[in-house]
Q: 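Please see the structure below; I have some questions.
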Amino acid sequence: MIDTHCHLDASRFDPDRDSVVTRAWAAGLHGILIPAVGPETWEPLLELPRQDARIQVGLGIHPQFLPDLRPEDDGEHLERLDALLAKGGAVAVGECGLDGPTLPGASLERQLAVLRGHLALARKHGLPVLMHCHRLHPAMMELLKTEAWPEAGILMHSYSGGAELARFYIQKGCYFSFAGPVTWAEARKPLDALRVIPADRLVAETDSPDQAPTPFRGQRSEPGYLPHILAGMAQVLGEPVEALAQRTTENARRLFREAFPSPSR
C-alpha cells in the first residue's frame with residue numbers, strides 16, 4: 001500500500017511524527033508521498049527520501065497558500081522550483097491547482113497563472129502533477145482543454161466530484177486518488193465516480209492530517225489509516241480489499257516511475 005498524499009510535515013504531527021511513521025509501516029504501507037504546500041518547505045522535504053526511500057516528495061505551491069506569498073514573487077518562486085526539480089529528488093510537481101474558497105485572497109487569474117507554471121515544469125522535467133481542485137472544476141476543465149498535457153500525467157488528488165465530471169478527467173488521461181470521505185456515511189458523488197474510473201488509473205491516499213476515515217472521522221488522520229480507506233473503496237467496487245491494495249500500489253509505483261521500493265525489496 002502507498003499513501004499517495006500525506007502532509008506528514010504538517011505541524012499537527014510534530015509531537016509524534018516518528019511514531020506515526022512507525023504505525024504506518026506496521027499497518028502494511030510500503031510508501032508515503034508528501035506533497036509540499038509552499039516554498040519554505042521544499043529543501044527540508046528533499047532531505048526525507050535520502051533518509052528513507054519509502055518516503056518520497058512532491059514540490060509545489062498549494063493555491064490556499066498563495067495569499068501568504070507576494071504576487072510579484074510568483075515568478076521567482078517558480079524559477080527556484082525549476083532549479084530544485086532539475087537537481088532531482090522529487091517524484092512529482094505539486095501540490096498545486098485551483099481553490100475556490102481562496103479566491104478572495106488569490107484571484108482566479110493568479111491561480112491559473114501559477115498553475116500554468118507548474119504544468120510547464122511538469123512537462124519540462126517529465127514529472128506527474130499532484131492536482132488540487134476545490135469548487136473550481138469548470139475553470140480547471142477549461143484550462144485542461146487548452147493546456148499542453150504533461151506526459152507523465154496528472155493525479156486528481158482526493159477526488160470528490162461526481163461521475164460525469166470524472167468522465168472528462170478520464171478522457172484527458174488523469175489518475176484519481178480517494179481519501180477518507182469514501183468511507184463517510186453520506187458519501188454519494190465520490191462513490192459514483194469511483195465506479196467509473198478505469199482500474200489502472202486508481203490510487204489511494206489519506207490526505208493526513210485531514211479527512212480521517214470512519215471510524216476516526218473528526219480526529220487527526222494519519223497514513224496508518226490507509227487500510228480503512230482501501231476497505232471502503234473495495235466495498236464500493238465489490239472486490240477483495242487485498243486485490244485493490246495490490247492494484248493501487250502497482251498503479252502508484254508506475255505513476256511515480258518506480259520511485260518507491262517494491263514490497264519485495
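Quick note: numbers below take in every heavy atom, side chains included, and nothing from hydrogens, waters or symmetry partners.
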Q: Below 4.5 Å, heavy atoms only, C-beta onward: do Arg220 and Asp16 meet side chain to side chain?
A: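 Counting from C-beta outward, Arg220 and Asp16 do come under 4.5 Å.
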Q: Might you point out which heavy atoms bring Leu85 and Ala92 nearest each other, and give the distance in Å?
A: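 Leu85 and Ala92 have their closest heavy atoms at CD2-O, 4.4 Å.
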Q: Return the CD to CE distance between Glu147 and Met140, rounded to the nearest 0.5 Å.
A: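 Atom-to-atom, Glu147:CD and Met140:CE are 11.0 Å apart.
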Q: Show which residues join Trp184 in its hydrophobic cluster (side-chain heavy-atom contacts under 4.5 Å, direct or indirect), or state none.
A: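 Under the 4.5 Å side-chain rule, Trp184 groups with nothing.
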Q: Working to the nearest 0.5 Å, report the span between CD of Glu222 and CZ of Arg12.
A: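 CZ of Arg12 is found 11.0 Å from CD of Glu222.
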Q: Quick check: is Val203 connected to Met156 through a chain of hydrophobic side chains (ILVMFWY, heavy atoms under 4.5 Å apart)?
A: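 Hydrophobic grouping puts Met156 apart from Val203.
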Q: Are Leu244 and Ile197 in one and the same hydrophobic cluster, where Ile, Leu, Val, Met, Phe, Trp and Tyr link if side-chain heavy atoms are under 4.5 Å apart?
A: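 Same cluster: Leu244 reaches Ile197 through Ile, Leu, Val, Met, Phe, Trp or Tyr contacts under 4.5 Å.
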Q: Indicate yes or no: at least one non-hydrogen side-chain atom of Ile170 is less than 4.5 angstrom from one of Pro198.
A: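 A side-chain contact exists here, since the closest heavy-atom pair is under 4.5 Å.
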Q: In Å, rounded to the nearest 0.5 Å, how long is the span from CG of Leu84 to CD of Glu79?
A: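 If I round to the nearest 0.5 Å, the distance is 12.5 Å.
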Q: Taking side-chain contact (heavy atoms from CB on, under 4.5 Å) as the definition, give me every residue that meets it alongside Ala53, ordered by chain and number, with sequence neighbours left out.
A: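 With sequence neighbours excluded, Ala53 shows a side-chain contact (heavy atoms from CB on, under 4.5 Å) to Gln56, Pro261, given in chain and number order.
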Q: Between Phe260 and His30, is the ring centroid distance below 6.0 Å?
A: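 No - the distance between ring centres of Phe260 and His30 does not fall below the 6.0 Å cut-off.
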Q: Sequence neighbours left out, what passes side-chain contact (heavy atoms from CB on, under 4.5 Å) with Lys145? Give chain and number order.
A: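 Checked Lys145 against side-chain contact (heavy atoms from CB on, under 4.5 Å); matches are Glu142, Phe168.
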Q: Mark yes or no for whether Arg54, through its side chain, and Leu29, through its backbone, hold a donor-acceptor pair below 3.5 Å.
A: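 No.
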Q: Do Glu205 and Ser177 pair up side chain to side chain, a donor and an acceptor below 3.5 Å, judged on atom types alone?
A: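 A pair is found: one side chain offers a donor N or O, the other an acceptor, under 3.5 Å apart.
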Q: According to a hydrophobic-cluster definition based on side-chain heavy atoms being under 4.5 Å apart (Ile, Leu, Val, Met, Phe, Trp, Tyr only), do Val37 and Leu121 belong together?
A: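 No: no chain of side-chain contacts under 4.5 Å links Val37 to Leu121.
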Q: For Glu239, which residues count as a salt bridge (charged side-chain N to carboxylate O under 4.0 Å, His left out) partner, sequence neighbours excluded?
A: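 Salt bridge (charged side-chain N to carboxylate O under 4.0 Å, His left out) list for Glu239, sorted by chain: Arg247.
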Q: Just do the side-chain contact (heavy atoms from CB on, under 4.5 Å) check on Leu144 and Ile154 with the steps written out, would you?
A: CA-CA 10 Å; Leu144 295 183; Ile154 290 177; 4.0 Å; yes
Q: Please list, chain by chain and in numerical order, all residues satisfying ring-ring contact (aromatic ring centres under 6.0 Å, His included) with His5, sequence neighbours excluded.
A: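 For His5, the residues satisfying ring-ring contact (aromatic ring centres under 6.0 Å, His included) (neighbours in sequence not counted) are His7, His157.
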Q: Below 4.0 angstrom, N of the basic side chain to O of the carboxylate: do Asp18 and Arg23 qualify?
A: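 No salt bridge links Asp18 with Arg23.
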Q: Working note: Val182 + Val236, criterion side-chain contact (heavy atoms from CB on, under 4.5 Å); need CA distance, chi angles, decisive distance, verdict.
A: CA-CA 9 Å; Val182 297; Val236 173; 5.8 Å; no
Q: Looking at Pro39 and Leu69, what are the two nearest heavy atoms and their distance?
A: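 Smallest interatomic distance, heavy atoms only, reads CD-CD1, 3.9 Å.
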Q: State, to 0.1 Å, how close Leu78 and Gly117 come at their nearest heavy-atom pair, and which atoms those are.
A: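 That closest heavy-atom pairing would be CD1-CA, 4.1 Å.
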Q: Side chains of Ser158 and Asp207: any donor to acceptor distance under 3.5 Å?
A: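 No, because no side-chain N or O of Asp207 sits under 3.5 Å from a partner of the opposite role on Ser158.
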Q: If you look at every heavy atom in Thr4 and Ala252, which pair is closest and at what distance?
A: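 What the structure gives for the nearest pair is CG2-CB, 3.9 Å.
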Q: Would you sort out whether Arg253 and Ile2 count as a side-chain contact (heavy atoms from CB on, under 4.5 Å), showing the intermediate values?
A: CA-CA 8 Å; Arg253 295 189 69 248; Ile2 293 175; 3.6 Å; yes
Q: How many angstroms lie between atom CE of Met141 and atom OG1 of Thr146, to the nearest 0.5 angstrom?
A: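 Those atoms lie 12.5 Å apart.
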Q: Would you name the heavy atoms of Ile229 and Pro213 that are closest together and state the gap between them?
A: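 Reported closest heavy-atom pair: CG1-CB, 3.8 Å.
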Q: Kindly determine whether Leu8 and Val21 satisfy side-chain contact (heavy atoms from CB on, under 4.5 Å), including the steps that lead there.
A: CA-CA 9 Å; Leu8 192 59; Val21 173; 3.6 Å; yes
Q: Mind jotting down which residue pairs meet the side-chain hydrogen bond (donor to acceptor under 3.5 Å, both in side chains) criterion with at least one end in residues 103-117? Sequence neighbours excluded, please.
A: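 side-chain hydrogen bond (donor to acceptor under 3.5 Å, both in side chains) check on residues 103-117 returns Asp74-Arg110.
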Q: Should Ile34 and Met1 be regarded as members of a common hydrophobic cluster, given that ILVMFWY residues are connected when their side-chain heavy atoms come within less than 4.5 Å of each other, either directly or indirectly?
A: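 Linked within one cluster.
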Q: Under a 4.5 Å cut-off applied to non-hydrogen side-chain atoms, are Leu202 and Tyr175 in contact?
A: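 Of all side-chain heavy-atom pairs linking Tyr175 with Leu202, none is under 4.5 Å.
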Q: Looking at side-chain heavy atoms only, is the closest gap between Leu130 and Val93 below 4.5 Å?
A: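 The answer is no, as the side chains (C-beta and beyond) never meet within the 4.5 Å cut-off.
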Q: Any donor-acceptor pair under 3.5 Å linking the side-chain atoms of His62 with those of Asp99?
A: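 The criterion, which ignores hydrogens and geometry beyond distance, is not satisfied for His62 and Asp99.
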Q: Any chance you could measure Glu40, atom CD, to His77, atom NE2, to the nearest 0.5 Å?
A: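 If we round to the nearest 0.5 Å, Glu40:CD and His77:NE2 are 9.0 Å apart.
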Q: Salt bridge or not between Arg188 and Glu186? Use side-chain N to carboxylate O under 4.0 Å.
A: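 No.
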Q: Does any non-hydrogen side-chain atom of Tyr225 lie less than 4.5 Å from one of Ser208?
A: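 The answer is no, as the side chains (C-beta and beyond) never meet within the 4.5 Å cut-off.
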Q: Determine yes or no for a side-chain-to-main-chain donor-acceptor pair under 3.5 angstrom, with Arg257 supplying the side chain and Ala152 the backbone.
A: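 Here the side-chain-to-backbone pair does not exist.
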Q: Is it true that Ile32 and Leu127 fall in one hydrophobic cluster, defined by side-chain heavy atoms closer than 4.5 Å?
A: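 Yes: a chain of side-chain contacts under 4.5 Å links Ile32 to Leu127.
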Q: Is any side-chain heavy atom of Pro190 closer than 4.5 Å to one of Tyr159?
A: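 When only atoms from C-beta onward are counted, Pro190 and Tyr159 do not touch, as no gap falls below 4.5 Å.
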Q: Would you say Lys189's side chain and Ala163's backbone share a donor-acceptor pair under 3.5 angstrom?
A: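 Such a contact is absent between Lys189 side chain and Ala163 backbone.
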Q: Does the plane of the ring in Phe176 sit parallel, tilted or perpendicular to the ring in Phe178? Use 30° and 60° as the thresholds.
A: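 Parallel, since the angle between the ring planes stays under 30°.
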Q: Where is the tightest heavy-atom contact between Ala245 and Thr249, given as atom of each residue plus distance?
A: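 Looking at all heavy atoms of both residues, the shortest contact is O-OG1, 2.7 Å.
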Q: Return the CG to SG distance between Leu165 and Cys133, rounded to the nearest 0.5 Å.
A: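 Rounded to the nearest 0.5 Å, the CG-SG separation comes out at 7.5 Å.
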Q: Is it true that Asp73 and Arg80 make a salt bridge, defined as a side-chain N closer than 4.0 Å to a carboxylate O?
A: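 Arg80 and Asp73: not salt-bridged.
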Q: Is Arg123 salt-bridged to Glu151, going by a charged N under 4.0 Å from an acidic O?
A: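 Judged by the 4.0 Å cut-off on N to carboxylate O distance, Arg123 and Glu151 do not form a salt bridge.
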Q: Is it true that, when you exclude Arg135 itself, more than 12 heavy atoms of the residues, nucleotides or ligands shown sit nearer than 6.0 Å to its CZ?
A: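 12 or below, so no.
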Q: Quick one: does Leu136's side chain get under 4.5 Å of Leu103's, heavy atoms only?
A: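 In short, these two side chains touch, coming nearer than 4.5 Å.
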Q: Examine the side chains of Glu250 and Gln246 and answer whether a donor and an acceptor come within less than 3.5 Å of each other.
A: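 Gln246 and Glu250 do have a side-chain donor-acceptor pair below 3.5 Å.
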Q: Is there side-chain contact between Cys174 and Arg201, with heavy atoms separated by less than 4.5 Å?
A: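 When only atoms from C-beta onward are counted, Arg201 and Cys174 do not touch, as no gap falls below 4.5 Å.
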